[in-house]
Structures are given as C-alpha cells and as structure tokens.
J.: 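Shown below is the structure under consideration.
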Amino acid sequence: LGIATSYPHPVRYNFNTTYYWQIVPYNGNGTATNCPVYSFTTGANPAIASLPYSQNFDGTTYGWESENTNGDASTWDMTTTTPRSAPFAVIASANPNGTTPANAWLYSPPVNMIAGHQYKIEFWSRVGNAATPEALEIKWGAEPVSLTMNVVPALYQTSLINTTYALSSALVTAPDS
C-alpha cells in the first residue's frame with residue numbers, strides 16, 4: 001500500500017465472517033517483525049424475514065444505514081430530543097443554510113418480499129420548525145445506495161410543516177426480479 005493511514009475496503013464484507021489483518025511497517029532499515037494479527041467478525045444478515053416489522057429505534061438498529069450524498073452537515077442521527085416513544089428517535093438534521101436540500105438518506109435493513117405482492121410501509125414523522133418546510137421521499141431499491149433507488153418514489157411529501165408526529169404510509173409492490 002505504501003504510505004497509508006486508512007484503507008477503504010473495495011466491496012461489502014460478507015455476513016458471519018471473520019476477517020484478519022496485519023499492519024507491517026517498513027522503512028529504509030527493513031520490515032518490522034512479530035507484528036500482531038488482528039481480527040473482527042461481521043454480524044448476521046440483518047434482512048427482515050418476518051412481517052410485520054416494527055422499529056422504534058429504542059433498541060438495536062443493526063442493519064440500518066445512512067448516506068449523506070452531498071457531504072453537508074445534514075445527517076441522520078440518534079437522539080433523545082422529542083422522541084415519539086422514549087428514549088430514542090432518529091432525526092435528519094436540517095441543512096444549516098436552510099435552502100439547499102439535505103439529501104440525507106436512511107436505509108432500512110433489506111426486507112424479504114414476495115414478487116408481485118403489495119406491502120404497506122408506515123412511519124411517524126414531524127419537522128423541527130414549521131417555518132422551514134421539509135420534504136420527504138420513500139423509495140426502494142436493491143442496495144443501500146441512493147443512485148440505485150427507484151426513480152418514482154412510493155411516497156413523496158413536500159412542504160411538511162407538522163411539528164407534532166403524524167402517521168404516513170406508502171404502498172410498495174415487490175418487483176418480479
């Protein structure tokens with residue numbers, strides 16, 4: 001690798017797999033010896049196989065991922081501030097400039113669905129300030145990457161101004177492939 005302080009793994013890690021790594025420094029005097037070998041084991045497949053599924057973010061959130069596509073300060077975070085059910089909630093922070101879309105994505109674990117069957121997604125949401133309307137989209141795709149999400153959202157809400165929690169829902173039909 002040469003001089004490096006980090007290494008971006010090029011592909012996703014497999015589930016339930018132990019990986020090993022070793023750092024071996026070298027310089028003009030040669031290569032170090034007796035460097036320790038480290039390891040870690042990845043978790044189980046987080047796919048949701050049993051429906052209905054419910055997540056209030058008060059327990060484990062294994063399998064949930066987020067993406068900040070424009071690299072701004074707007075991200076998804078766990079918080080104890082104004083949860084619908086104590087002690088936690090997941091919030092998307094607003095873009096500090098108030099005009100640029102946050103473009104922060106939150107992905108659920110994979111859901112095992114049967115092709116052609118219709119599924120209902122329900123969730124509670126609210127905004128932090130009615131004076132700055134928010135937009136929200138529900139999309140689906142095969143990978144937790146914004147570029148792979150379907151073009152037409154299952155739900156698209158614009159100008160959200162509700163400062164108390166409101167229930168929303170969307171219907172999704174599982175594709176044939």
Side-chain angles (χ1 to χ4, degrees), residues 9 12-19 39-96 98 100-114 117-150 153-175:
H9 195 267
R12 289 186 167 271
Y13 293 102
N14 294 322
F15 300 117
N16 289 328
T17 304
T18 300
Y19 291 91
S39 69
F40 68 92
T41 301
T42 56
N45 185 340
I48 299 166
S50 178
L51 299 173
Y53 170 78
S54 178
Q55 174 61 271
N56 64 4
F57 299 101
D58 291 342
T60 180
T61 57
Y62 179 67
W64 287 80
E65 298 182 44
S66 63
E67 178 185 7
N68 181 357
T69 59
N70 59 4
D72 63 10
S74 302
T75 59
W76 285 93
D77 297 301
M78 294 283 289
T79 182
T80 56
T81 304
T82 62
R84 183 173 174 277
S85 65
F88 295 108
V90 173
I91 62 166
S93 54
N95 196 319
T100 306
N103 220 353
W105 295 72
L106 179 67
Y107 303 105
S108 75
V111 179
N112 293 332
M113 297 189 288
I114 299 170
H117 283 79
Q118 193 172 60
Y119 297 87
K120 184 178 185 179
I121 300 168
E122 289 185 330
F123 61 95
W124 293 88
S125 65
R126 70 172 199 83
V127 299
N129 183 347
T132 55
E134 298 288 344
L136 179 110
E137 290 181 316
I138 301 294
K139 292 187 172 188
W140 52 272
E143 292 289 326
V145 177
S146 60
L147 294 176
T148 67
M149 294 291 112
N150 62 314
L155 177 70
Y156 183 51
Q157 297 176 328
T158 59
S159 300
L160 294 170
I161 58 171
N162 58 297
T163 56
T164 59
Y165 282 96
L167 181 64
S168 297
S169 65
L171 294 175
V172 174
T173 301

J.: Under the rule for ring pair (Phe, Tyr, Trp, His ring centres under 6.0 Å), what residues qualify as partners of Y156, not counting sequence neighbours?
T.: none

J.: I'd like to check the side chain to side chain contact (heavy atoms under 4.5 Å, CB included) partners of F15; sequence neighbours left out, ordered by chain and number.
T.: N45, P46, Y62

J.: Just jot down the side chain to side chain donor-acceptor pair (under 3.5 Å) partners of S168, sequence neighbours excluded, or say none.
T.: Q157

J.: Looking at side-chain heavy atoms only, is the closest gap between P83 and F57 below 4.5 Å?
T.: no

J.: Applying side chain to side chain donor-acceptor pair (under 3.5 Å), name anything that partners T18, two or more places apart in sequence or on another chain.
T.: T41

J.: Who passes side chain to side chain contact (heavy atoms under 4.5 Å, CB included) against T69, sequence neighbours left out?
T.: E67, N103, W105, S146

J.: If the condition is side chain to side chain donor-acceptor pair (under 3.5 Å), which residues does T75 pass it with, not counting sequence neighbours?
T.: D77

J.: For Y53, which residues count as a side chain to side chain donor-acceptor pair (under 3.5 Å) partner, sequence neighbours excluded?
T.: Q55, W64

J.: Using the rule given for side chain to side chain contact (heavy atoms under 4.5 Å, CB included), can you reason through E143 versus R12, listing the C-alpha separation, both sets of side-chain angles and the distance that settles it, and then say yes or no?
T.: CA-CA 11 Å; E143 292 289 326; R12 289 186 167 271; 3.7 Å; yes

J.: Aromatic rings F40 and Y19: how do their planes relate, parallel, tilted or perpendicular, breaks at 30° and 60°?
T.: parallel

J.: So which of T132, L136, L160 actually passes side-chain contact (heavy atoms from CB on, under 4.5 Å) with V127?
T.: L160

J.: Could you pull out all residues at least two apart from A104 that satisfy side chain to side chain contact (heavy atoms under 4.5 Å, CB included)?
T.: W76

J.: Which distance, rounded to the nearest 0.5 Å, do you find between the CZ of R126 and the CG of N162?
T.: 9.0 Å

J.: Who passes side chain to side chain contact (heavy atoms under 4.5 Å, CB included) against D58, sequence neighbours left out?
T.: N56, S85, P87, F88

J.: Distance check, rounded to the nearest 0.5 Å: N68 atom CG versus L106 atom CG?
T.: 12.5 Å

J.: For residues 118-125, dump all side-chain donor-acceptor pairs below 3.5 Å to protein atoms at least two apart in sequence or in another chain.
T.:
unit_1	atom_1	unit_2	atom_2	d
Y119	OH	I114	N	2.8
K120	NZ	E122	OE2	3.3

J.: Any side-chain heavy atom of P153 sitting closer than 4.5 Å to one from I138?
T.: no

J.: Please find the pair of heavy atoms, one from M78 and one from V90, that lie closest to each other, and give the distance.
T.: SD-CG2, 3.6 Å

J.: Measure from the side-chain N and O atoms of T42 to the backbone N and O of T17, and report whether any donor-acceptor pair falls under 3.5 Å.
T.: yes

